[in-house]
Enquirer: 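First the structure, which I've put down as structure tokens, then a few questions once you've had a look.
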Amino acid sequence: MIEFKNVSKWYGNFQVLNNCTFSIQKGDVVVICGPSGSGKSTLVKTINALESIQQGEIIVDGIKLNDPQTNLPQLRARVGMVFQNFELFPHLNVIENLTLAQIKVLGRSKDQAITYGLKYLERVGLLSQKDKFPGQLSGGQQQRVAIARALSMDPIIMLFDEPTSALDPEMVGEVLDVIVKLAKEGMTMCVITHEMSFAKNLSKRVIFMDEGKIVEDCSKDKFFGNPDLLSARAKEFLSKILRNN
Amino acid sequence: MNLDFSFFTLNIISNFIIKGLLFSIKLTLVTLVCGLIIGTMIAMMRLSKFKILNYPALGYVVLIRSLPFVMVILWVFILIPLVIGKSIGSENSAYITYIVFESAFYSEIMRSGIQSVKKEQMQAGYAVGLTYFQSMRYIILPQAFRNMLPVILTQTIVLFQDTSLVYAIGAYDLLKGFEIVSKNFNRPVEAYLIAAVVYFIICFSLSYGVKLTQRKVQIAK
């Protein structure tokens with residue numbers, strides 16, 4: 001469903017993505033990990049063209065991203081994205097956050113949008129908060145609203161960019177629960193995370209990045225079960241991060 | 001010095017002052033609304049990555065901010081009849097000049113307002129499929145406007161005071177009303193004293209209003 005072919009990207013002289021090739025099939029749950037500055041976030045943001053690329057090709061659901069003919073807003077509407085810092089719209093209440101793009105992009109009627117919105121709010125367990133403003137919610141609740149906002153667009157894939165790293169520790173669980181539930185329901189997703197136990201639970205596949213390159217792209221069992229088969233860089237990362245957990 | 005305010009009757013107020021006050025208020029409101037709309041467009045141009053939009057907007061703002069307001073008021077008043085061949089009257093000339101001039105100031109306010117919104121908000125707008133203009137309209141500008149509301153109102157108070165500069169082209173504003181009264185009764189000291197009190201009351205209550213909104217904006221954040 002998503003295909004990266006030899007994708008490279010530079011910020012000035014600095015190469016953030018170096019010849020990345022991989023693909024994601026429908027139903028895949030892929031965890032992307034790696035040290036900070038390795039290009040994970042940039043890689044994920046190229047999937048919905050929030051970041052442009054200079055070389056290579058990205059195909060999402062049969063549509064070439066770097067074709068100037070591509071209607072990017074329409075494509076982005078079908079790719080759900082959850083940000084590290086939630087990025088809810090602070091001047092709109094919860095239900096308005098969920099309905100804005102449904103109405104303006106998908107052309108749903110207001111009633112229809114609210115019905116969808118409430119359905120997904122219920123799924124993340126926040127139906128009772130529908131009239132509150134983002135500032136009145138806890139970080140964990142805000143992130144769950146952000147997930148519901150993305151889901152109410154009926155995305156074909158969900159992207160998570162470190163969805164729990166801006167949260168207080170006691171709120172991480174509630175957000176991870178929602179994501180795990182989604183994965184179990186068969187949602188295709190791509191998750192950047194440092195929560196290794198979560199990665200172990202959630203994913204079937206792990207992509208490890210370092211210095212803009214995809215160093216490992218393997219099954220979860222290989223990544224966590226057989227460290228001896230991994231590259232030195234991945235082994236070092238894994239041992240560091242597991243020691244911290 | 002003997003002060004005598006007896007000339008200042010209700011009759012005088014309704015005949016001379018109200019007319020001027022209404023024009024001052026109208027000029028302020030029209031300039032506020034048009035200036036904000038044009039200023040926001042200029043601000044968006046200035047923040048654009050396209051040089052063809054960026055440079056003209058920058059030039060406009062730099063030029064306007066470097067010119068004395070009274071000079072521009074006079075100049076437009078003289079220039080327009082030369083260009084279109086007939087006079088449009090001092091009041092219409094004032095509307096045009098004030099909008100042109102104040103747009104530059106409102107654009108600077110809106111520019112910092114837009115910059116005060118985190119750039120990830122724009123990304124969040126894009127991520128749910130909104131276009132650039134939709135993201136601006138529904139996400140960035142409402143937040144920019146809310147953040148800048150106290151500054152916009154403060155600028156508008158200054159604008160209200162500056163409406164008195166239309167004396168240069170003889171338009172009938174609040175100050176002109178008092179000037180006529182002072183000449184009719186030969187009581188300039190008293191008339192301008194009352195004018196000062198009226199300006200003070202209006203501007204002071206507006207500033208107080210600004211303070212209240214400032215507190216509200218801070219709570220909403």
Side-chain angles (χ1 to χ4, degrees), chain A residues 41-42 44-45 47-52 71-93 96-108 113 117 133-136 142 145-155 157-161 166, chain B residues 36-37 40 43-44 47-54 106 109-153 210 212-221:
Chain A
S41 202
T42 310
V44 164
K45 282 180 176 168
I47 298 178
N48 61 355
L50 286 183
E51 297 279 359
S52 59
N71 184 337
L72 285 182
Q74 285 302 326
L75 187 113
R76 287 182 184 128
R78 305 169 60 210
V79 177
M81 171 110 199
V82 175
F83 295 85
Q84 189 172 354
N85 292 310
F86 333 130
E87 303 308 335
L88 293 177
F89 308 133
H91 58 300
L92 302 176
N93 67 20
E96 288 165 342
N97 261 280
L98 267 66
T99 54
L100 175 67
Q102 290 188 64
I103 295 168
K104 301 296 171 199
V105 182
L106 301 182
R108 286 178 184 157
F133 281 86
Q136 298 169 297
Q142 287 191 49
V145 171
I147 294 171
R149 177 175 72 182
L151 288 174
S152 59
M153 300 293 285
D154 289 329
I157 182 173
M158 287 285 285
L159 310 175
F160 294 87
D161 183 4
Chain B
L36 262 181
I37 294 170
T40 302
M44 283 166 64
L47 293 170
S48 158
K49 57 181 179 215
F50 301 112
K51 289 195 171 100
I52 191 162
L53 296 174
N54 200 325
Y106 284 122
I109 296 173
M110 285 312 288
R111 184 170 69 104
S112 54
I114 292 169
Q115 285 173 324
S116 75
V117 180
K118 285 191 302 176
K119 77 173 204 308
E120 285 80 6
Q121 283 284 309
M122 195 73 188
Q123 288 204 335
Y126 283 149
V128 289
L130 298 176
T131 62
Y132 169 80
F133 284 106
Q134 285 176 323
S135 301
M136 270 291 168
R137 160 77 181 77
Y138 298 109
I139 297 169
I140 308 298
L141 290 180
Q143 294 184 59
F145 185 76
R146 196 187 65 183
N147 291 350
M148 286 298 123
L149 194 56
V151 188
I152 290 169
L153 293 178
V210 173
L212 292 183
T213 46
Q214 211 159 11
R215 222 171 288 158
K216 264 198 189 147
V217 167
Q218 239 134 36
I219 292 168
K221 264 180 169 176

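Numbers restart at 1 for each chain; the letters A, B, ... are given by sequence-line order, proteins then strands.
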Enquirer: I need the single residue from A/Met81, A/Lys104, A/Arg149 that forms a side-chain contact (heavy atoms from CB on, under 4.5 Å) with B/Val128. Which is it?
Expert: A/Arg149

Enquirer: Could you report the tightest heavy-atom contact between B/Ala124 and A/Phe89, atom names first, then the distance?
Expert: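 Closest approach of B/Ala124 to A/Phe89, heavy atoms only: CB-CE2, 3.8 Å.
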
Enquirer: Applying salt bridge (Lys or Arg N to Asp or Glu O under 4.0 Å), which residue pairs with at least one partner in residues 111-137 of chain B are found, sequence neighbours left out?
Expert: A/Glu87-B/Lys118, B/Glu108-B/Arg111

Enquirer: Counting only heavy atoms not in B/Ile52, do more than 12 fall under 6.0 Å of its CD1?
Expert: no

Enquirer: First locate atom CD of A/Glu51, then atom CD of B/Gln123, and finally report the distance between them rounded to the nearest 0.5 Å.
Expert: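 Interatomic distance, A/Glu51 CD to B/Gln123 CD, rounded to 0.5 Å: 6.5 Å.
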
Enquirer: Heavy-atom cut-off 4.5 Å, strictly under: side chain, backbone, both or neither for B/Gln134 against chain A?
Expert: side chain

Enquirer: Is A/Leu88 close to chain B through its backbone or its side chain, or both, or neither, when contacts mean heavy atoms under 4.5 Å?
Expert: backbone

Enquirer: Which residues satisfy the salt bridge (Lys or Arg N to Asp or Glu O under 4.0 Å) test with A/Glu96, sequence neighbours excluded?
Expert: none

Enquirer: So which of A/Ala150, A/Ala77, A/Ala49, A/Pro73 has the biggest tally of heavy-atom pairs under 4.5 Å with chain B?
Expert: A/Pro73

Enquirer: Would you give the length of the straight line joining atom OH of B/Tyr126 to atom CG of A/Leu72, rounded to the nearest 0.5 angstrom?
Expert: 10.0 Å

